[in-house]
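Treat the numbers as computed from the prediction; the structure is a model and nothing was measured. Just so we're on the same page: letters track the sequence lines, and every chain starts at 1.
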Amino acid sequence: MASTPPHCSITANKRNQNHQKRCRRWTNHNVSLAKPPLPSSPHNAPKPGASTAATTNAQNQPFPSLATLQSQKSQLAADFSGRRRFVSKLHIGRPKSTLSIRHTLVAEEALQHVVLYGKDDQTLENVLLNFESRLCSSDDYTFLLRKLGDRGDSSKAIRCFEFAMRREKRKNEQGKLASAMISTLGRLGKVELAEAVFETALREGYGNTVYTFSALISAYGKSGYWNDAFKVFYSMEAYGLKPNLVSYNAVIDACAIGGVEFKKAVEIFDEMFKNGVQPDLITFNSLLSVCSRGGQWEAARNLFTELINRGIDLDIFTYNTIVDAFCKAGQMDAALEIISEMPGKNVLPNVVTYSTMVRGYGKAGRLDEALNLFNKMKFLGLSLDLISYNTLVSAFAMLGRFEEAWDVCKEMENSGIRKDVATYNALLGGLYEEAMEIFREFEKAGLKADVVLYTALIDTMCKNGLVESAVTLLDEMTKEGIRPNVVTYNSIIDAFGLSAITQHVVDDAGEASEFQVKSSSSSVVQEATESRVTDREDDRIIKIFGKLAAEKASQENNCGRQELLCILGVFQKMRELEIKPNVVTFSSILNACSRCDSFEDASILLEELQLFDNQVYGVAHGLLMGYRENVWVQAQSLFDEVKLMDFSTASAFYNALTDMLWHYGQKRGALLVVLEGKRRQVWENVWSDSCLDLHLMSSGAARAMVHAWLLNIRSIVFDGHKLPKLLSILTGWGKHSKVVGHSALRRAVEALLTSMGAPFQLARCNLGRFISRGSVVAAWLRESGTLKVLVLHDDRTHPENVRVDQVSNLQMLPL
DNA sequence: GTAGGGTTAG
């Protein structure tokens, strides 16, 4: 079932790459759901099922675009209106579940016993044998395994499933059990086991139902494998199955989780109509989630407005999804506005709504507002849960305010909620002084470190120059059976150039492939219950913490030869493990190049990496070598792809690329790239006539931009216009730097301005701001020697660049 | 079969 991914490229989806075994394309296109507005009156809308002509119209468009949604004539638009009553009818004031209870009281009793006494295979079997005669049909067993799944106990759930299957001979009952098992495993993220159950079910002749297929679609979707979800979905027809509402919703939800482009989700949505399946509010919520998770808050807003205009009754899921879309995009005021509208629609904000806002404010650095909201939650009597507490803990920890983070933990525990792996991760994040103690407590609580926790530790170690420890941890997690993901590797790559990293990074990582090899024939039970040997005595992580001091002491000796070319080995290893590099990998590699002083190594590395991805590394290599004319077309299409990514990813890419070019003296190339970034609004509003805002830029990008801006100001002066009274260059306070107060950017800009003799001075009231009077700058720009210091030159020149650079100057001046 | 949290680049 699993597809083999091409080993590619920054175009890989950057989200959910911890589920890297399958290929997913990066498909985060910007879409707009805007105008023209659909008629909001229900009167001129056809009734459901009455839109034959429109349906025909849609059938002629196998890939309906959003234009379909925008067009009044489209089948979607028509049914969108007509569906209104249908949706409303389903959801007005109804609780979510109207299902009758199917299981018996005996099943509930059995659950208690299984939980209490089923400690191992044998005792569990005994409990089930005791209850066997009193448990009725598959419904009781389904209840059991679902409840065990809710408790996160997949291995007990599987035991119950197999116990039931051994006794059930009716195909349809077996099918029900299999669907429940697949869905339970899917919820727990055990997608390979779900797959195994499904395949067995199909082989044994009880899996050919819309329920098992839908369950598998959902299981794939939940783990981010939208590609496989789609395959299963589209294979249904060949099995003679017609997807129902649940199948469609599951596949649309897979789009949301997997980061599939909105257009594709709308396509599925259109297919629903064509096939006579009416969407419900869950369909819309998932569709909204597609926008939200893709970072497309504008598309989300438009869809939301559309639903409101149509008078569809929205529920708390709808509101929370749109609030999250706004929060993710930093649109906090818009989010707040939505929340203020909720009570009027009889939907009250809940703990999820508030947690989302708290996180949004925390991310935006508006901690006071985050705290206010948190306190408001308490005031309103909302019962705070683990996630809402963790959100606040993490907000404090992100700002290095560990004392307060710790206080929130205490408050949480006083209210009877125990810390989980995410809480500890937030606390360990800064690797502050009590890290070892916190880790001991973590283990004492019986929690297991997962890939996120390990990666966080590895990254912190790398950032502190403790690369040896980081590599030991990589080895450690591998031995524990935890598969490193792209984030783990990106952290390691980012450490290259910080200190020497020896070949054993690559060697150690090789062991990671061991646990990846799984026999498809091994039984579900075996796979599920294979417990890792955990030796608490041999506590390697604690030992690593113990090594920290020693390693820190010897760090000075660690600044030796940088082995940039080791990155090739890491890349190879990632390929073997089927971990697709992404745009962050690319940025990390460029950053490593910038830290290295060997032009030769950097160029060899980028040249070799072209074997993995010709476009990305071809452009980087070409620009580094100064072959601008040859690669600029290719560069444009790379920039086009990056443009589709979210703002911070795109700016990180431009920053890394410019930094490397600047570092190796390709200053005109650096200039070209920053101007391209500016043209594409990568750094939002970088400049006006009076102000240059560099706070989102790296030091190389910022310096190239200073040149570009001053040249631009110069052209204003030479055109005979007056400069504004006061000119400012903002470098920020370094809050975007991981190291608080580390104002490398300000220092780099200061040195540049000084070297050029530019008459800017540090503002007294704001240490991140350089200012000058417009008249003074104008006078300086008119001086005969100024142009010479403003125009950038390459340290390495190639004759073929003359033409493209002339073009770039022309492009630059009118900006 | 739908909503919120912890990991890289910023």
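- Nearest nucleotide to the A:S388 side chain, out of B:dG4, B:dT8, B:dT2: B:dG4.
- Taking every side-chain heavy atom of A:R359 into account, B:dG6 is the closest of B:dG6, B:dA3, B:dG4.
- Look at CD1 on A:I282: it is 11 Å from C1' on B:dA3, rounded to the nearest Å.
- Relative orientation of the A:W297 and A:F326 rings is perpendicular, given thresholds of 30° and 60° on the angle between their planes.
- Here the C1' atom of nucleotide B:dT7 and the CG atom of A:N485 are 8 Å apart, to the nearest Å.
- If you take CG of A:D459 and C1' of B:dG10, they are 13 Å apart, rounded to a whole angstrom.
- As a whole-Å value, the separation of A:I339 CD1 from B:dG4 C1' is 11 Å.
- In this entry the distance linking CZ of A:R293 with P of B:dA3 reads 6 Å, nearest Å.
- Aromatic ring centres of A:F230 and A:Y220 lie farther apart than the 6.0 Å criterion allows.
- Listed nucleotides: B:dG4, B:dG6, B:dT8. Nearest to the side chain of A:N425: B:dG6.
- Taking 4.0 angstrom as the limit, A:K328 places none of its side-chain polar atoms (N or O) nearer than this to OP1 or OP2 of B:dA3.
- Residue A:T321 is in sugar-phosphate contact alone, with no base atom involved, counting any heavy-atom pair closer than 4.0 Å across all strands shown.
- Donor-acceptor pairing under 3.5 Å, judged by distance alone, is present between the side chain of A:N350 and the base of B:dA3.
- Remark: A:N375 CG is packed, more than 12 non-hydrogen atoms of other residues, nucleotides or ligands lying under 6.0 Å away.
- Judged by atom type and distance alone, A:S491 does not reach the base of B:dT8 through any side-chain donor-acceptor pair under 3.5 Å.
- Remark: side-chain polar atoms of A:D313 are not paired, donor with acceptor, to backbone N or O of A:D315 under 3.5 angstrom.
- Here B:dT7 is the nucleotide among B:dT8, B:dA3, B:dT7 with the atom lying nearest to any side-chain atom of A:T455.
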Practice problem: Could you give me the CA-CA distance, side-chain angles and deciding distance for A:F374 and A:Y389, then say whether ring-ring contact (aromatic ring centres under 6.0 Å, His included) is met? | Solution: CA-CA 9 Å; A:F374 190 80; A:Y389 275 111; 5.7 Å; yes

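- Nucleic acid contact for A:A456: sugar-phosphate only, since backbone atoms but no base atoms lie under 4.0 Å from a heavy atom of the residue.
- Looking at the side chain of A:D494, the nearest of the listed nucleotides B:dT7, B:dG6, B:dA9 is B:dA9.
- Ranked by how close their nearest DNA chain B nucleotide is to the 5' end, A:A215 and A:T391 are led by A:A215.
- Around NZ of A:K376, the count of heavy atoms belonging to other residues, nucleotides or ligands within 6.0 Å does not exceed 12.
- At whole-Å resolution of the value, CD1 in A:I217 and C1' in B:dT2 are 16 Å apart.
- Comparing atom distances between the A:F317 side chain and each of B:dT7, B:dA3, B:dG4 picks out B:dA3 as nearest.
- For B:dG6, the base has no donor-acceptor partner in the side chain of A:D420 [N/O atoms by modelled type, under 3.5 angstrom].
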Quiz prompt | Pair A:N582-A:N490, side chain to side chain donor-acceptor pair (under 3.5 Å): steps then yes or no | solution = CA-CA 9 Å; A:N582 61 14; A:N490 289 347; 3.3 Å; yes

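- Contacts of A:V358 with the nucleic acid, taken as non-hydrogen atoms under 4.0 Å apart, are absent.
- In this structure, A:T283 reaches neither bases nor backbone, as no heavy-atom distance under 4.0 Å exists between it and the strands shown.
- Distances shown here put a side-chain N or O of A:K222 below 4.0 Å from the OP1 or OP2 atom of B:dT2.
- In this structure, A:S289 reaches neither bases nor backbone, as no heavy-atom distance under 4.0 Å exists between it and the strands shown.
- Comparing B:dT2, B:dG6, B:dA9 by their nearest atom to the side chain of A:V452 picks out B:dG6.
- When the nucleotides B:dT2, B:dA9, B:dG4 are ranked by their closest atom to the side chain of A:N591, B:dA9 comes out on top.
- When each of B:dT2, B:dG6, B:dA3 is scored by its nearest atom to the side-chain atoms of A:D450, the top-ranked nucleotide is B:dG6.
- Here B:dT2 presents its C1' atom at 14 Å from CZ of A:F269, a figure rounded to the nearest Å.
- Base contact: A:S355 has a heavy atom under 4.0 Å from a base atom.
- Distance, A:M398 CE to B:dT7 C1': 13 Å, rounded to whole Å.
- No engagement by A:V393 is indicated, since no non-hydrogen atom pair under 4.0 Å with the nucleic acid exists.
- Ranking B:dT2, B:dG6, B:dG4 by closeness to the A:N285 side chain, first place goes to B:dT2.
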